[in-house]
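Step one of this worksheet: look at the structure below.
The chains referred to below are lettered A, B, ... by the order of the sequence lines, with proteins before strands, and numbering in each begins at 1. From a predicted model like this one, the values you see are computed outputs, not experimental measurements.
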Amino acid sequence: MASHGVTRSSYAAQSKDVAARERELKKLTEYHELTAEFQRKRTEKEYTKEALDVTAKVLKINPEFYTVWNYRREILLHTTLLPFSPSPDGVDETAAYGGYEASTAGLLKQELAFLFPLLSSYPKCYWIWNHRLWALHQATRLLSPPFAEKFWRAELDLVGLMLSRDMRNFHGWMYRRFVVANIEQPEKSLVEEEFAYTSGMVRGVGGMTNYSAWHQRSVLIPRLLEERGSGEQERMDFLEDELELLKRAMSTDPDDQSLWFYHRWLVYANALPGDRTAIAPDMPVVTRILLLVDQIEWLKELLESHSSCKYILKALVSYVGLYRTLKQEPIPDEDREDLDEVDENQEQALLKEWLDTLVRLDPMRRGRYMALRKSVLIQE
Amino acid sequence: MADSSVSNDILHVEKHVAYIRSLDTRRDSLEYWLTEHLRLSGVYWGLTALCLLGHPDALPRDDTIAFVKSCQHPCGGFGAHPGHDPHLLYTVSAIQILAIEDALDAIDQDAVVSWISGLQQEDGVFAGDEWGETDTRFLYGAMNCLSLLGRLDAINVPKAVEYVMRCQNHDGGFGMAPGAESHSGQIFTCVGALAIAGDLERLDKDLLGDWLCERQLPNGGLNGRPEKLEDVCYSWWVLSSMAMIGKLDWIDKDSLVKFILRCQDEEKGGIADRPGDMPDVFHTVFGVAGLSLLGYEGLEEVDPVYSHLSSLDFQIAESCNVA
């Protein structure tokens, strides 16, 4: 019903193939038999190993059949994934618990092993990811904390593998955040490890263009600096390093959107006061202005070698507008002399030239540039 | 195959109507049965497309209502098909179908309201069903349903709005949960939820509009995230979000219209994700809705917030190919 990326020509060729059609009808009969068996067992509330096998067969053919996942969980909760109950006749409870834990862990491993090939074949199927998370929560519910943590740790490796196959799979990224949140404790943070993971990602092959990794980085940074207890100087150094990293990436590929959205965040969040995601929130206004001027000057340089890159032009227009807003803030007299005088007419002429070029280079977004024009040009 | 005698410069209304009407006759194909878990949404997509195409009566009304009723569970929620468990995704489709058919009184509305309100969590978000998966898709679905039923009073709307705002990112977009990457489909659900709550003023519209207008690619189509391929279904999620914040003129409408038209199956009807691909009812409705929002001549007008078209099943868009 929703066929992404199946070409009409390949479908037509397949439809004309008589043998393929016969195979389809055979599969159809098998599928009907299986789903009928599933519905019958479910109606009878059958919670058995046989019923579990039926769910596995249906799900291997059709992992989108969400009701079958629900039934599978019901079966597991009724049969094998039961809480530990000490026997009343005074047998050694510790030994009994050890046995219970080992067998429950074995069952959970089986469940995860069943899911892995499905996830590899259908990496964008919500229901499989959900069921996997559910299985891991069973580890937390039934096993002792250190034992359960082993499951979550192993999962972090798995999601790393999935993301190395498809660096933009947002299910994978979401899942990674869930897994990390389940490992973290008030006294045990993974923020350094996770930040290092995004560094590896964005510095790796093809990583610069990985919007998902840049996004994750932007989410982690405020917490990272908070947990490091970074002072203002460390925060400013951090910001400079981050801008430097971007500078290198942007000089290599200035047409990559991912970099520009991240750059915009760094520039805006740290230029305007009161942004809760700012890296260095306590910079005096003059420092903020000088930092912004640095970026503007660098972009002007970059434009010289990439004169038809619309992202540079758009950033320049926005940042010059931002610069004008910042200059409205009260600036102490002794700081004011650090700032160069700006010839307003010249600035307006430049803005106008950049905006004209933008409309010429990227006529599809003319309406967007006209709105930008209205916000930065004093008069026309 | 591309038939040079039929041009894709125009919308093939009659062929699309015939295509949608034919969908329920394909019971000898494996695909028909492998997609049973979305049947109710499929009916909703087909019906909405037919309404927009000016053929609201092309599906038998009584049969449609009877089918919807057959999917309701005693708890109030709807499954995708008889024998399938209740889930918010299909409950939204059910309520939307009944709203279109003006048949909301055919079901026990109080049961639906109480089932949905029971899915709201402490932090304001909604679970999709009793198993507890949460997502801004479900939050939007719950608000959409309850507002169609005139029962937003049954939930905590301010808390839902606070949750939506926690999902906003520095790029102005929204993800499926706080901290999740911006995604056009999730943006649609979050902006839609704010629109229903009357809280659109909380958005930085220029920032969000900028991210959204950058979804348009040189071939006119729209993608769902940066550095991704274009796809017809995003013409709905991106466009309706832009319409809700008043930024529709930030993209090139003509080239998007041409892109959607190129994705038609000019022989058998239906619209695909990209030119030359197999059509399906999901891309057909989102393509037609996109054209309607772009003011394509001869189509009924679509509402960007409820739209009679708002089911959030972009889950399908990201999902595995079921064919």
Query raised in the report: Could you give the distance from OG1 (A:Thr35) to CH2 (B:Trp33), rounded to the nearest 0.5 Å?
Result: 8.0 Å
Query raised in the report: Side chains of B:His37 and A:Thr67: closer than 4.5 Å at any heavy-atom pair?
Result: no
Report task. Output the residues of residues 22-33 of chain A for which the shortest heavy-atom distance to chain B is under 4.5 Å, in residue-number order; output 'none' if no such residue exists. Result -> A:Glu24, A:Leu25, A:Lys27, A:Leu28, A:Tyr31, A:His32
Query raised in the report: Taking side chain as C-beta onward, heavy atoms only, is B:Pro279 less than 4.5 Å from A:Arg8?
Result: yes
Query - Proximal component of A:Trp134, with respect to chain B [non-hydrogen, under 4.5 Å] - result: side chain
Query - More than 12 heavy atoms from other groups under 6.0 Å of NZ on B:Lys15 - result: yes
Report summary line: Whatever's closer than 4.5 Å to a heavy atom in chain B on A:Asp256 counts as both
**Report entry** Interface moiety of B:Ser29 toward chain A, non-hydrogen atoms closer than 4.5 Å
**Finding:** both
Report task. Would you kindly say whether B:Arg225 and A:Gln257 are connected by a side-chain donor-acceptor distance under 3.5 Å? Result -> no
Query raised in the report: So which part of B:Glu133 gets closer than 4.5 Å to some heavy atom of chain A, the side chain, the backbone, both or neither?
Result: side chain
Requested in this report: Heavy atoms only, distances under 4.5 angstrom: which of A:Tyr268, A:Trp214, A:Phe261, A:Tyr262 has the most pairs with chain B? Name it, please.
Outcome: A:Phe261
Report task. Flag the pair A:Arg264 / B:Asp171 as yes when at least one side-chain heavy-atom distance between them is below 4.5 Å, and no otherwise. Result -> no
Report task. Give, for atom OG1 of A:Thr7 and atom CG of B:Asp277, the distance between the pair rounded to the nearest 0.5 Å. Result -> 6.5 Å
Query raised in the report: Can you name the one residue among A:Arg217, A:Arg176, A:Arg168 that meets salt bridge (charged side-chain N to carboxylate O under 4.0 Å, His left out) with B:Glu181?
Result: A:Arg168
**Report entry** Nearest heavy atoms of B:Gly79 and A:Tyr66, plus distance in Å
**Finding:** CA-OH, 3.6 Å
Query raised in the report: Would you call B:Asp249 and A:Arg368 a salt bridge, taking side-chain N to carboxylate O under 4.0 Å as the test?
Result: no
Report summary line: Rounded to the nearest 0.5 angstrom, the CG-CD distance for A:Asp362 and B:Gln216 is 9.0 Å
Query raised in the report: Given B:Leu34 and A:Ile61, is the side-chain contact (heavy atoms from CB on, under 4.5 Å) satisfied, shown in steps?
Result: CA-CA 8 Å; B:Leu34 287 182; A:Ile61 302 173; 4.0 Å; yes
Query raised in the report: Highest number of heavy-atom pairs under 4.5 Å with chain A: which of B:Ala180, B:Gly83, B:Pro86?
Result: B:Ala180
Query raised in the report: Tell me, side chain or backbone of B:Leu217 under 4.5 Å from chain A's heavy atoms, or both, or neither?
Result: backbone
**Report entry** Interface residue of largest heavy-atom contact number with chain B, from A:Trp69, A:Tyr71, A:Trp265, A:Tyr369, under 4.5 Å
**Finding:** A:Trp265
Query - Any donor-acceptor N or O pair under 3.5 Å, side chains B:His170, A:Ser218 - result: yes
Report task. Identify whether the distance between the nearest side-chain nitrogen and carboxylate oxygen of A:Arg365 and B:Asp210 falls below 4.0 Å. Result -> no
Requested in this report: For the pair B:His87 and A:Trp127, name the ring-plane relationship: parallel under 30°, tilted 30 to 60°, perpendicular over 60°.
Outcome: perpendicular
Query - Proximity breakdown for B:Pro218 and chain A, heavy-atom pairs closer than 4.5 Å - result: backbone
**Report entry** Full working for side-chain contact (heavy atoms from CB on, under 4.5 Å) between B:Glu214 and A:Trp260
**Finding:** CA-CA 11 Å; B:Glu214 290 293 344; A:Trp260 290 100; over 6 Å; no
Query - Part of A:Phe178 within contact of chain B (heavy atom distance under 4.5 Å) - result: neither
Query - Euclidean distance, A:Met364 CE relative to B:Ser255 OG, rounded to 0.5 Å - result: 3.0 Å
Query raised in the report: Between the side chains of A:Asn130 and B:Trp131, is a donor N or O closer than 3.5 angstrom to an acceptor N or O?
Result: no
**Report entry** More than 12 heavy atoms of other groups within 6.0 Å of B:Lys258 NZ
**Finding:** no
Query raised in the report: B:Asp85, B:Asp252, B:Leu207, B:Asp254: which one forms the most heavy-atom pairs within less than 4.5 Å of chain A?
Result: B:Asp85
Query raised in the report: In terms of heavy-atom proximity below 4.5 Å to chain A, should B:Asp129 be classed as side chain, backbone, both, or neither?
Result: side chain
Query raised in the report: Looking at A:Arg366, A:Arg177, A:Arg42, A:Met174, which one has more heavy-atom pairs under 4.5 Å with chain B than the rest?
Result: A:Arg177
Query raised in the report: Is it the backbone or the side chain of B:Leu23 that comes under 4.5 Å from a heavy atom of chain A, or both, or neither?
Result: neither
Query raised in the report: Got a salt bridge between B:Glu130 and A:Arg73, using NZ or NE/NH1/NH2 to carboxylate O under 4.0 Å?
Result: no
Query - Candidate pair B:Lys228 and A:Tyr211, rule side-chain contact (heavy atoms from CB on, under 4.5 Å), full reasoning - result: CA-CA 10 Å; B:Lys228 287 281 196 178; A:Tyr211 194 82; over 6 Å; no
